[in-house]
Protein chains: 4
Amino acid sequence: MTNSVQPRGAEKRRRLTAAATAVLHRQGVERTTLADIAKEADVPVGNVYYYFKTKDDLVQAALGEHSAYLKQMTDALDAIGEPRERLKALVAAWVEQKETAARYGCPTGTLTVELDKRADGILDVEAGRVVRQLLDWVAAQFTAMGHANADDLALTLVSGYQGMSMMAGALRDPEVMTREGARLVGWLDGL
Amino acid sequence: MTNSVQPRGAEKRRRLTAAATAVLHRQGVERTTLADIAKEADVPVGNVYYYFKTKDDLVQAALGEHSAYLKQMTDALDAIGEPRERLKALVAAWVEQKETAARYGCPTGTLTVELDKRADGILDVEAGRVVRQLLDWVAAQFTAMGHANADDLALTLVSGYQGMSMMAGALRDPEVMTREGARLVGWLDGL
Amino acid sequence: MTNSVQPRGAEKRRRLTAAATAVLHRQGVERTTLADIAKEADVPVGNVYYYFKTKDDLVQAALGEHSAYLKQMTDALDAIGEPRERLKALVAAWVEQKETAARYGCPTGTLTVELDKRADGILDVEAGRVVRQLLDWVAAQFTAMGHANADDLALTLVSGYQGMSMMAGALRDPEVMTREGARLVGWLDGL
Amino acid sequence: MTNSVQPRGAEKRRRLTAAATAVLHRQGVERTTLADIAKEADVPVGNVYYYFKTKDDLVQAALGEHSAYLKQMTDALDAIGEPRERLKALVAAWVEQKETAARYGCPTGTLTVELDKRADGILDVEAGRVVRQLLDWVAAQFTAMGHANADDLALTLVSGYQGMSMMAGALRDPEVMTREGARLVGWLDGL
DNA sequence: AATGAATGAGCATTCATTCAT
DNA sequence: TATGAATGAATGCTCATTCAT
């Protein structure tokens, strides 16, 4: 019936993961119910538990999705010849998401903020991993550019992204992304 | 019986506000129950409602507390002669809070992130106001320094604070605050 | 200070009783809070308990008020020479209250209906007493008219009043009172 | 396992509706907790919300039950040849319920009285509809009897029912129903 | 694998009543 | 007497999770 190679269930799992990623970004973890996710994925609530044992499993899947998305994006950027251009393209990609950022913030960032408040550190560690993944790739570009303090520079760039996303959200103004994005590009050019 | 000049109830109201501010910062809005706040303030749960009609009223009170704290801090900074020095002192104050930031993020920032996810815009507007309050004061300093693009510069500075707080939290590393704080000071000096 | 002969507190007690009677009629017993009554009487909530030990005491006071009002009305009607005319004047008085009846029903009747649902029979007995008080006076008029079955006739008349009040409320139509009132008058004339 | 043709859930929904109707009649809306209804239906409290989203939904269901019961009764009465006999049979049915009426009043009437006290008009409108449903059927019988003022006569008959139910309750005397019922039958015969 | 239906712990909120002064 | 404040037991409702089929 399915014209895909994958097993039947895998598709539904992916659908749930995608739904979780989207809804959790929009509503936050605590304000999102399993029913919300199930509805978005068009899957009966009871069935969700066949694929994810707990709500936290779905949050973890969303984190995985973010990680995969990041990987895919950086892989694509790797096709660009110059490391500086790769970073500039990364900033451009961020700015492109300005409308979403102004409404719901950086998907990874806001999720991390929420998970960081938890007393038990399980998912927050996972969230930290995703942030570090981005940080590492950025640092690699700075290293390729010949900078010794690549880690510091990476921190500054990613921090800049998080900051501008937060400010765009707080001020409900996408143009914050444009302005700060331009500044980051200028900074990259001046390095 | 009381050695204070203030009315009896006002003290408890302040106690509740302070408790709310602290607990909401630590646990986030959604994960915090009224019982949590009541317990922190050492007030019976039922009594909370004598002072605050709803949970959201407590959140709003916490926002007010942030605003007042900000006012007090900037008032103190105003005593410093040079606007550039004022801003550098502001950054220093941020860095001083590094342990807290690394554990729970920027109090105003994380609260704003959470409130921004709400569908109905009431408290998120209030949160935006607090962010803007800081932004305005910072912009005034840049204006005093003779910069025409004070608003942009203010955005960059505050955005830098939000970004470094978020990164410190994600990486669970207070030193992020030290490093990025130093960079901001350098940036201020170079302006 | 007070230019009345009565003790200071008595006035407040009357004020509370009047407020209770009015608010209980409008909102019903269960939907009325002590605060509602206190506010209507312009008395601090805590002070209510000095005059009435429990909420039920206030309900009982309202029943007493109804009884007193009834007494006063029938006393006034007693001034009319003919018993038949007294009854017709009673019906006219009911019809005069048509707007209130269409909105909130008969004060005594609706209160009785609500109290009758209680498992413990204390206040409902009291309510029954008030209804009986009216019934007795009406029966006396029928006796004076020379009817042997005065009790039955009284039941019919008062039942008619209760029925038309309920219907006026259900249909939200004061004219129900006018029409049924006219019928009762015709019935009285035909006896 | 089930020897019924109906879906599993429908049966429980009916059970809850029946329980709500019964308990609400006995205790009144405000004095009835969801736990009361759940217990009467032998359903866990949390599960009630699977079938009814709010307590008011349950009240509405009870109103629907009354409407359905009324429909069923009048349908049965329609089998009787003469309209006057139909009405007399209706009165007889009312009198048959005298024990219940003397204890808890007319199910529809007392519910309406309580709902009418609400400030917001949603359920009270629904309650009015049920009263009107009875009124309409009765009026149709009077029309069939050749009366031009069928609406007025219907009002008088139903009003008589409400009045006698209320009085039976207030006096805690089922015989009130018998006596007033007989009077109504006499009135019908005399028309 | 799929699904409608449980289940019960938890939470915000209300309110009659009491207390301290 | 008067009053603001305190108290705690309820109550409606939500929701993650489990169950039965």
Side-chain angles (χ1 to χ4, degrees), chain A residues 7-13 29-38 43-59, chain B residues 1-2 7-13 30-38 42-59, chain C residues 7-13 29-38 43-59, chain D residues 1-2 7-13 30-38 42-59:
Chain A
R8 306 272 305 296
E11 201 266 341
K12 215 181 237 183
R13 188 171 225 282
V29 176
E30 302 300 334
R31 285 182 84 88
T32 297
T33 70
L34 274 191
D36 289 337
I37 297 174
V43 166
V45 210
N47 197 11
V48 173
Y49 280 87
Y50 184 80
Y51 298 95
F52 298 93
K53 253 186 274 297
T54 66
K55 184 183 176 183
D56 272 8
D57 279 2
L58 270 164
V59 177
Chain B
M1 251 7 166
T2 335
R8 305 284 320 298
E11 201 266 340
K12 211 183 235 182
R13 188 170 223 281
E30 302 299 335
R31 286 183 81 89
T32 297
T33 70
L34 277 187
D36 289 338
I37 297 174
D42 199 32
V43 164
V45 212
N47 196 15
V48 173
Y49 282 87
Y50 186 80
Y51 297 94
F52 298 94
K53 268 189 231 317
T54 67
K55 184 183 175 183
D56 270 10
D57 277 2
L58 272 164
V59 177
Chain C
R8 306 270 303 299
E11 201 266 341
K12 216 181 235 183
R13 188 170 224 282
V29 177
E30 302 300 332
R31 286 181 85 89
T32 297
T33 70
L34 274 192
D36 289 338
I37 297 174
V43 166
V45 210
N47 197 11
V48 173
Y49 280 87
Y50 184 80
Y51 299 94
F52 298 94
K53 254 187 270 302
T54 66
K55 184 183 176 184
D56 272 8
D57 280 1
L58 270 163
V59 178
Chain D
M1 254 4 167
T2 335
R8 304 287 316 301
E11 201 267 340
K12 209 182 237 181
R13 189 170 222 283
E30 303 298 335
R31 285 183 83 88
T32 298
T33 72
L34 279 184
D36 289 338
I37 296 175
D42 199 33
V43 164
V45 211
N47 195 15
V48 173
Y49 282 88
Y50 187 80
Y51 297 94
F52 298 93
K53 267 188 230 315
T54 66
K55 184 183 175 183
D56 270 9
D57 278 3
L58 238 11
V59 177

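Below, chain A is the first sequence line, B the second, and so on; all start at residue 1.
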Shortest non-hydrogen contact between [X] and [Y], atoms and distance:
X: V48(B); Y: A38(B); answer: CG2-CB, 3.7 Å
X: D36(A); Y: R31(A); answer: OD2-O, 3.8 Å
X: V29(A); Y: K55(A); answer: O-NZ, 3.1 Å

Tabulate protein N/O versus nucleotide N/O from nucleotides 17-20 of chain E, keeping only pairs under 3.5 Å, one per line.
| from | atom 1 | to | atom 2 | distance (Å) |
| --- | --- | --- | --- | --- |
| dT17(E) | OP2 | Y49(C) | OH | 3.3 |
| dT17(E) | OP2 | K55(C) | N | 2.8 |

(request) Measure from the side chain of Y50(A), starting at C-beta and using heavy atoms only, and say which of dC15(F), dA1(E), dA2(E) lies closest. (result)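 Nearest nucleotide to the side chain: dA1(E).
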(request) Return the nearest nucleotide to the side chain of Y51(C); candidates are dA2(E), dT1(F), dC11(E). (result)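 Closest nucleotide among those given: dT1(F).
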Atom [atom1] of [X] to atom [atom2] of [N]: distance rounded to whole Å?
X: R13(B); N: dG4(F); atom1: CZ; atom2: C1'; answer: 15 Å
X: L58(C); N: dC15(E); atom1: CG; atom2: P; answer: 16 Å
X: F52(D); N: dT14(F); atom1: CZ; atom2: C1'; answer: 18 Å
X: I37(B); N: dT13(E); atom1: CD1; atom2: P; answer: 11 Å

(request) Check whether any side-chain N or O of K12(B) sits under 4.0 Å from OP1 or OP2 of dG4(F), and answer yes or no. (result)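 No, K12(B) has no side-chain N/O under 4.0 Å of OP1/OP2 on dG4(F).
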(message) Can you see if the side chain of N47(C) gets near the phosphate of dT3(F) - specifically, an N or O under 4.0 Å from OP1 or OP2?
(response)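 Answer yes for this pair, as a side-chain N or O of N47(C) is under 4.0 Å from OP1 or OP2.
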(message) By nearest heavy atom, map V43(A) and V43(D) onto DNA chain E; which one lands nearer the 5' end?
(response)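 Result: V43(A).
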Does the structure show a Watson-Crick or G-U wobble partner for [N], both distances under 3.5 Å? Name it, or say none.
N: dA1(E); answer: none
N: dT21(E); answer: dA2(F)
N: dT7(F); answer: dA16(E)

(request) Evaluate the side-chain proximity of F52(D) to L34(D): yes if any heavy-atom separation is below 4.5 Å, no if none is. (result)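 Of all side-chain heavy-atom pairs linking F52(D) with L34(D), none is under 4.5 Å.
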(message) Would R13(B) pass as a cation-pi partner of Y50(B), given that its NZ or CZ must be under 6.0 Å from the six-membered ring centre and within 45 degrees of the axis?
(response)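 Here R13(B) fails the 6.0 Å and 45° test against Y50(B).
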(request) Select from P44(B) and T32(D) the residue whose nearest nucleotide in DNA chain F is closer to the 5' end of that strand. (result)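 Per heavy-atom nearest nucleotide, the more 5' residue is P44(B).
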